[in-house]
Structures are given as C-alpha cells and as structure tokens.
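Below is one structure, written out as structure tokens; comments come after it.
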There are 2 protein chains.
Amino acid sequence: MARRAKTPAPLVSDLDARKATILEAVVIEHIDTAQPVGSSSVAHHADLGVSPATVRTEMVALEREGYLAQPHTSAGRVPTDKGYRYFVDHLASGVLGPAQQFQVKEFFTHVRGEVEDVLEQTSLLLSQLTRYTSVVVGTGHSRASVLSVQLVNLDARHHLLVTVYSDGTVTKHSVLASFEATHVEVTEASRQLNALLIGTTLDATVQVPSRTDTVAKLVREAVSVLHAEAPTMDGEQVYIGGSSRVAEVFEGVETVRKVLSILEQELLVVSLVEDILEKGVSVAIGSEHGYEPLSSCAVIVAPVSVEGETVGAVGLLGPTRMKYQEVMAAAEAVSQHLTHHFGGEDRG
Amino acid sequence: MARRAKTPAPLVSDLDARKATILEAVVIEHIDTAQPVGSSSVAHHADLGVSPATVRTEMVALEREGYLAQPHTSAGRVPTDKGYRYFVDHLASGVLGPAQQFQVKEFFTHVRGEVEDVLEQTSLLLSQLTRYTSVVVGTGHSRASVLSVQLVNLDARHHLLVTVYSDGTVTKHSVLASFEATHVEVTEASRQLNALLIGTTLDATVQVPSRTDTVAKLVREAVSVLHAEAPTMDGEQVYIGGSSRVAEVFEGVETVRKVLSILEQELLVVSLVEDILEKGVSVAIGSEHGYEPLSSCAVIVAPVSVEGETVGAVGLLGPTRMKYQEVMAAAEAVSQHLTHHFGGEDRG
DNA sequence: GTTAGCACTCGGTAAAATCGAGTGCTAACA
DNA sequence: TGTTAGCACTCGATTTTACCGAGTGCTAAC
C-alpha cells in the first residue's frame with residue numbers, strides 16, 4: 001500500500017459492485033440532466049436485472065454513507081461531493097473523441113510563437129474542447145539563471161533594465177536614477193552588470209561594487225531593483241480561456257459572480273492550481289480544494305513538465321457536475337502535448 | 001455650424017424646457033430603480049408645478065419623438081437609447097464625490113512600477129470606483145523607434161531577439177536558425193542589428209547584408225522575424241478590471257454571457273474603444289457603437305494623451321441605464337490623472 | 001434478498017382570481 | 001390653448017388554489 005497514492009486513499013469505502021453501479025448511474029445521469037435521479041431511471045439504465053424497489057434500498061444506503069443526497073423528500077437523488085469523488089476515483093475513465101484528438105493534434109502541429117503565446121492559445125483550445133473555463137499556468141523563472149542583462153537609457157535619468165533568463169523569459173524594470181548618466185556610462189554599467197549577473201539566479205546575492213562613481217551607482221541601483229522584485233514576482237503567468245463559459249455553465253447570478261471574481265485574482269488562481277498539484281491530485285471537487293466561494297465547482301488539473309520538472313499546469317473549472325471523463329481526458333491529452341511541445345526542443 | 005461637432009449634432013431636437021425636465025426625471029429614476037417610470041412619479045419628483053395628467057401628455061409626445069418607450073400599455077415609460085443620448089448630451093454633468101476624488105489622488109500618488117502595471121492597476125481602480133467593468137487600453141509602439149536590439153543565444157540554434165523601443169516597451173521574439181552559431185557570432189550579429197535598427201521604426205525597411213556567412217544569415221533572420229510581426233502586433237495592451245461586475249450589473253444569463261465573450265476578445269475590445277474615440281465621442285449608448293451583442297450596453301471612454309498624442313484610453317462598460325454622471329466624471333478624472341502621470345515625467 | 005403494491009409527500013405547473021400602477025380619453029376649467 | 005380632475009380600461013405581476021405525478025418509504029408476499 002503506497003504511502004501516498006496518486007489520489008488520496010479512500011477512507012473506509014469501496015462499495016460493492018452493485019452500489020458502485022448505481023452510484024455511477026446516478027452520477028452520469030445527473031451530470032447529463034442536472035436533475036435529481038430517481039430509482040426507476042437507474043434501474044432502467046444500469047442493467048443490473050433489478051427492480052426500482054431494490055435500487056431504492058441501495059440508494060438509501062448510499063445516502064446514509066454520504067454518497068448521495070436528496071434535495072427534498074420525494075425527489076430523486078443527487079450525488080454529493082463524496083459521490084463524485086468515488087466516481088472519478090473508481091469509475092470514470094474516458095478517452096478523447098476522435099474529433100477532439102484530431103483538433104489537439106492539429107493545434108500542436110501548427111502553434112508557433114513565444115511560450116506565452118502558446119500558453120494563451122492553449123487555454124483557448126482547452127475551453128473550446130471542453131466548453132468549460134480553462135486555466136493555464138506557467139510557473140516562472142524562479143530557478144532560471146540570468147543569460148543577459150542590459151541597461152538601456154531612455155533619457156539621462158531613466159533607464160530600462162532588460163533581463164533575459166535561461167528559460168527564455170524576459171523582464172524589464174524601470175531604473176530611475178537620482179543623477180544623470182551619459183550614454184557611455186550606461187553602456188559600461190550594462191557591461192559590468194552582465195559580468196556580475198550572468199549565470200546567477202535571482203535569489204543569489206552578488207558582490208556589488210562599492211565605488212561611488214556614476215557607473216557603480218548605476219550598477220548598484222540596477223541590481224537592487226532586480227532583487228527587490230525577486231521574491232514577489234515569480235514570473236507566473238496565468239491564462240484564462242473562455243471565462244464567458246462561466247455564465248453558461250453555472251446557474252444563479254451569485255455563483256457566476258463569485259466564480260468570476262475568483263478568476264479575476266490571478267494570484268489566487270495560481271495558488272489554487274498549485275495547491276491541487278501539490279496534493280498530487282488531479283481533481284478537486286466542491287469543498288475539497290478549500291476555497292469556499294468555489295464550493296460548487298470542480299477543478300481538474302494536469303501538470304506540464306519538462307525534464308521531470310513541473311513548469312506549469314493546465315486546468316479546467318466547471319460545476320461539480322461537470323463531464324469528468326471527457327474533461328480529464330482533454331486535460332491529460334493537452335498537458336502531454338504541451339509537455340512534449342516544450343520538451344521536444346525542435347519547434348520555434 | 002461645425003461640420004463635425006464633438007458629439008454628433010442632434011437631429012432635429014432640442015426639447016423645450018419642460019420636456020427636457022421630464023425626460024431627465026424619467027432617466028434618473030429609471031437608472032435608479034430599473035423600473036418603468038410613471039407620470040405621477042415624475043410629476044412628484046421633478047417639481048414643475050404640474051399634474052400627472054399634463055406630464056402624461058408630454059410623455060406621449062416624448063414617446064412619439066423617440067425619447068421614451070413603453071414596455072407595454074399601462075406601464076410607465078423607459079428611456080430609449082435616444083433618450084439616454086439626450087440626457088448625456090444636455091443634462092448630465094456630475095463631479096466625482098470627495099471620497100472618490102481622494103481615492104483617485106491617493107492612487108496616483110502611490111502607484112509605481114512599469115507602465116503595464118500602472119495600467120492594470122488603473123483598470124482595477126476604475127472598476128472599484130464605478131462598480132462597473134473597466135477597460136484600459138494602451139496603444140502600442142507603432143510609431144516608437146528602436147532603442148536597442150539584442151540577440152541572446154539559448155543554445156546553438158535557438159536565439160532570443162529582445163528589442164527595446166523608445167516608448168519603453170520591450171518585445172521578445174524567438175529566432176530559430178537552421179544552422180548553428182557560436183556565441184561570438186551571435187554577439188557580432190547583435191552588434192550589427194543594433195547598428196542597423198537603432199532609430200528606425202518597425203515599418204521602415206532596412207538594408208540587410210546579402211552575404212552568406214553565419215552572422216549575416218542571423219541578422220537577416222532576426223530582421224525578418226521582427227518585421228513579420230510588425231503589422232499585426234501593434235503592441236496594444238488591454239486591461240480589463242472587474243469583469244465579475246458584468247454578472248451583477250446585467251440581468252439575464254444570456255446578456256452576461258454575450259458581454260463576457262466580447263470582453264474575452266481583446267482585439268475586439270480595442271477596436272470598440274478606438275472606434276468610439278475616433279468618432280470623438282465619449283459615450284456610446286446601446287446600438288450607437290454598432291456592436292450588436294453589446295446593444296444593451298453603454299460604453300464610456302476617455303482618451304489618455306501624452307504631448308497631444310493619444311496613447312491610450314480608459315473605458316467603462318455598463319448597461320444603458322448606467323450612472324452616466326458619476327461614471328463620466330470618474331473616467332474623466334482618471335484619464336486626466338493618467339495623462340498627467342505619463343506626461344509629468346518624474347515618476348518611476 | 002427481492003419485489004409488487006400502496007399510501008404518502010411535495011415540488012412544479014397551470015388555471016383562476018385579484019390587485020393596482022399606469023394609461024388614454026374626455027369634459028370642464030382658467 | 002393649455003391644464004387638470006375624473007374615469008373606464010389595460011395588462012403585467014402577484015397570489016391562490018387545485019392538481020398532477022415523479023419519487024419515496026414501508027410492508028407484506030414471494
């Protein structure tokens with residue numbers, strides 16, 4: 001028994017075959033219809049040769065164990081978060097339809113451009129593919145080393161510090177000096193900065209010159225600006241695709257508003273995705289992720305890694321009654337293609 | 001008579017004083033309550049010493065002339081787009097509340113950072129200020145000249161072309177060569193690119209070397225990559241703040257979805273804003289802007305200019321029954337502060 | 001353990017009744 | 001001529017009532 005399985009070990013459970021089938025039937029139908037599911041409908045669709053009455057007794061049990069819930073007496077049953085959890089852990093498994101597979105392949109053979117563009121486009125792809133809102137996260141250059149620094153002067157006091165990192169990201173920082181500097185001095189400062197910083201990572205401390213001439217002051221200024229940003233700005237990028245889906249997929253203005261307002265906060269989205277990744281889980285249902293305003297959401301994530309290192313993730317956000325099979329398959333497929341795209345070095 | 005006034009010349013109109021007052025009352029109350037407004041309510045609030053009956057006859061006239069509409073017989077009146085138009089052109093004028101004024105001032109004395117960050121934060125400010133969704137557009141470096149180009153090699157075949165423009169923007173482009181290049185060659189190419197491009201704008205053609213050595217090939221490659229992007233990528237930046245407001249402010253899922261899906265398309269948003277600016281108008285109501293899916297929206301824009309040149313705009317998007325006075329005042333104030341912020345050179 | 005039978009619950013929908021804000025019109029008035 | 005009170009009328013919104021039927025839980029028979 002693995003100490004930490006890919007999905008958290010089921011508490012007590014493992015329903016017997018029939019209960020599982022019934023649960024599955026309820027989940028599937030409810031996902032499809034958004035309505036409570038009744039015993040007769042289950043008896044009919046899941047073809048265990050049993051009558052509704054039997055199904056009913058089983059459903060009572062499933063409800064007692066917390067997999068199902070009744071909106072009110074004399075309505076059908078609806079899956080709980082726990083019910084969905086069992087479903088995705090034990091029952092769901094789907095493959096991408098051929099049309100979708102084709103679309104994904106097409107996409108990845110044709111994308112070109114900068115990493116950022118690819119990620120952004122990918123988020124659109126995902127939301128088209130699944131009809132849910134997608135989240136693509138690129139984790140930044142925290143471990144990337146500096147390839148090149150350059151100080152460009154805009155005018156005598158304003159300079160722009162442009163840094164290129166080994167992972168291909170580029171940052172810029174304004175440097176406002178309290179003194180004037182000539183073009184030559186700026187160029188020299190640039191040269192020294194290169195000597196100083198190339199090969200280092202942002203968290204490393206460097207030996208700055210203590211002289212008091214203009215060039216040295218420029219260098220110190222630049223280094224401090226750069227390092228000041230280091231802790232906050234991890235260079236995470238977030239791309240959200242199909243946020244308008246939120247309005248289609250959730251019911252109730254209030255829910256829509258809540259979800260949208262979460263999506264607006266990029267930092268929050270990043271940590272949500274990272275939290276889920278960290279737990280080694282690929283799906284977080286309802287309250288599982290611990291973000292209260294998203295308690296009616298399910299989030300599916302799949303990591304994107306290059307050389308064993310997780311460099312990002314793709315995610316999809318929908319109601320708890322989302323189409324897990326399809327969506328998980330899509331996330332899987334896209335994340336793998338992305339992994340390959342960034343790993344398999346031979347694309348622009 | 002000016003050939004093209006700041007706001008399109010009123011067709012026939014200019015209502016007499018009493019009609020105007022009545023229209024104003026209807027608009028104000030409807031903005032407030034979202035309900036059709038009846039004659040008695042108008043007679044009461046607008047204190048022209050007249051009875052509801054008289055108001056009614058006037059309202060009939062206003063309806064005939066297209067300023068008001070009746071959702072159905074025996075309901076109150078609702079302003080039409082034309083009614084709102086008259087309202088904003090002739091009647092509306094408001095100033096920012098002191099609290100808001102303070103907030104704006106506070107904001108602009110404390111913002112720091114890159115242009116992009118300032119614009120993004122501004123969009124948040126605007127949406128907080130007005131409780132509507134905001135749009136901040138920065139028009140790009142189409143006329144900016146190149147300050148510096150640098151080719152950085154990631155590995156033998158992958159290079160990164162980093163360009164700094166006179167307006168402080170920085171772009172990066174991957175350059176994938178079909179041949180290998182040494183570090184020295186890349187550095188030399190970098191030097192030549194600088195000599196070649198500094199001071200030019202993207203639309204200018206440059207004399208590339210026709211030699212066939214590695215350096216020359218690199219240079220040609222880089223120049224072509226850079227120029228290829230020029231027409232599409234104008235470097236426009238769009239920042240949307242408070243998109244969750246859409247869900248609060250519009251009613252009907254379908255409307256919300258439509259609006260959100262427009263907001264997702266950055267290009268579309270940019271051209272919407274630019275269209276309105278171009279017409280020299282600051283408010284576009286309902287069908288005026290010609291974007292059908294936004295026919296229930298009003299858009300308020302204010303240009304941001306530096307040295308007489310329009311470099312961007314701030315905008316706010318709400319339902320046609322939005323609080324024009326407040327919102328226009330806010331847009332005005334923020335755009336002026338922004339103008340000043342970018343014009344008054346002494347901030348980082 | 002399963003099932004048919006059955007009484008019961010209760011949300012959803014439809015029809016009916018009611019309400020009232022607001023209208024348009026007319027006739028009297030200044 | 002413009003204004004106003006009076007009044008019948010309209011019609012959406014709200015409430016009431018009735019009813020249907022899907023679905024339940026329970027029980028007794030298989």
Side-chain angles (χ1 to χ4, degrees), chain A residues 15-80 83 251-252 321, chain B residues 15-80 83 251-252 321:
Chain A
L15 305 168
D16 64 71
R18 195 167 67 183
K19 283 207 182 63
T21 315
I22 290 175
L23 177 57
E24 184 181 17
V26 172
V27 172
I28 289 177
E29 184 167 341
H30 182 256
I31 285 175
D32 195 44
T33 64
Q35 298 297 322
V37 182
S39 55
S40 66
S41 157
V42 170
H44 186 252
H45 284 96
D47 48 19
L48 8 84
V50 206
S51 80
T54 312
V55 173
R56 237 167 307 168
T57 29
E58 295 287 51
M59 282 168 93
V60 173
L62 282 169
E63 181 169 2
R64 198 175 41 235
E65 294 167 43
Y67 295 95
L68 294 179
Q70 242 179 334
H72 55 84
T73 354
S74 91
R77 256 74 172 201
V78 160
T80 59
E251 42 202 14
R321 51 169 280 271
Chain B
L15 305 169
D16 65 72
R18 194 168 67 186
K19 283 208 182 66
T21 315
I22 291 175
L23 177 56
E24 184 181 16
V26 172
V27 171
I28 289 177
E29 184 167 341
H30 182 256
I31 285 175
D32 195 45
T33 64
Q35 298 296 322
V37 180
S39 56
S40 66
S41 157
V42 170
H44 186 254
H45 283 96
D47 48 18
L48 9 85
V50 207
S51 80
T54 312
V55 173
R56 238 162 335 188
T57 29
E58 295 288 52
M59 283 169 93
V60 173
L62 282 168
E63 181 168 3
R64 198 176 41 233
E65 293 167 44
Y67 294 96
L68 295 178
Q70 244 178 334
H72 55 85
T73 351
S74 92
R77 256 70 172 208
V78 160
T80 59
E251 42 202 12
R321 52 168 279 272

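Numbered from 1 within each chain, the chains take letters A, B, ... in sequence-line order. These numbers were taken from a predicted model, which means no experiment stands behind them.
- Summarising the geometry, the separation between NE2 on A/His44 and C1' on D/dG23 is reported as 17 Å, rounded to the nearest angstrom.
- The backbone N or O of B/Val55 lies less than 3.5 Å from no partner atom in the side chain of B/Ser39, so there is not a single donor-acceptor pair.
- Residues satisfying the salt bridge (charged side-chain N to carboxylate O under 4.0 Å, His left out) test with A/Asp16, not counting sequence neighbours, are A/Lys19.
- Between B/Thr21 and B/Ala46, the shortest heavy-atom distance links the atoms CG2-CB, 4.0 Å.
- A/Arg321 pairs by the side-chain contact (heavy atoms from CB on, under 4.5 Å) definition with A/His30, A/Ile31, A/Ala34, A/Tyr84, A/Pro319, not counting sequence neighbours.
- Distance from the side chain of A/Arg77 is smallest for D/dG25 among the nucleotides C/dG24, D/dG25, C/dT3.
- Residue B/Ile22 contributes atom CD1, which lies 13 Å from atom C1' of D/dG2 at whole-angstrom precision.
- Following rounding to the nearest Å, B/Arg64 (CZ) and C/dG24 (P) show an atom-to-atom distance of 11 Å.
- Of the possible donor and acceptor atoms, one in the side chain of A/Thr33 sits under 3.5 Å from a partner among the backbone N and O of A/Glu29.
- Distance A/Glu63 CD to D/dG25 C1': 12 Å, rounded to the nearest Å.
- Proximity of a side-chain donor or acceptor of A/Ser41 to a complementary backbone N or O of A/Val37 within less than 3.5 Å is not detected.
- One can place CE of A/Met59 at 10 Å from C1' of D/dT24, the figure rounded to the nearest angstrom.
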Output one line per pair: protein atom, nucleotide atom from nucleotides 6-16 of chain D, and distance, for all N/O pairs under 3.5 Å.
unit_1, atom_1, unit_2, atom_2, d
D/dT10, O2, B/Ser74, OG, 2.8
D/dC11, O4', B/Ser74, OG, 3.4

Extract from the structure each pairing of a protein N or O with an N or O of nucleotides 26-30 of chain C at less than 3.5 Å, listing the distance.
none

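- At least one donor-acceptor pair closer than 3.5 Å links the side chain of A/Thr80 to the backbone N or O of A/Gly66.
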Would you sketch DNA chain D in dot-bracket for me? Only Watson-Crick or G-U wobble pairs with both distances under 3.5 Å count, crossing pairs as [ ], other-strand pairs as |, the rest as dots.
||||||||||||||||||||||||||||||

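- Shown here are the salt bridge (charged side-chain N to carboxylate O under 4.0 Å, His left out) partners of B/Glu251, two or more places apart in sequence or in another chain: there are none.
- The separation between A/Leu48 atom CG and C/dT2 atom C1' is 13 Å, rounded to whole Å.
- Distances shown here put every side-chain N or O of B/Arg18 at or beyond 4.0 Å from the OP1 or OP2 atom of D/dG2.
- Atom CD of A/Glu58 is separated from atom C1' of C/dT3 by 14 Å (rounded to the nearest Å).
- When rounded to the nearest whole Å, the span between CD of A/Gln35 and P of C/dG12 equals 9 Å.
- The residue B/Ser39 sits close only to the backbone: its heavy atoms come under 4.0 Å of sugar-phosphate atoms, none of a base.
- In plain terms, the two heavy atoms of A/Val78 and A/Pro36 that are nearest each other are CG2-CA, 3.8 Å.
- At a threshold of 4.5 Å between non-hydrogen side-chain atoms, the residues A/Val26 and A/Tyr67 do not count as touching.
- Scanning all heavy atoms of the two residues, the minimum distance from A/Val42 to A/Ala25 falls at CG1-CB, 4.0 Å.
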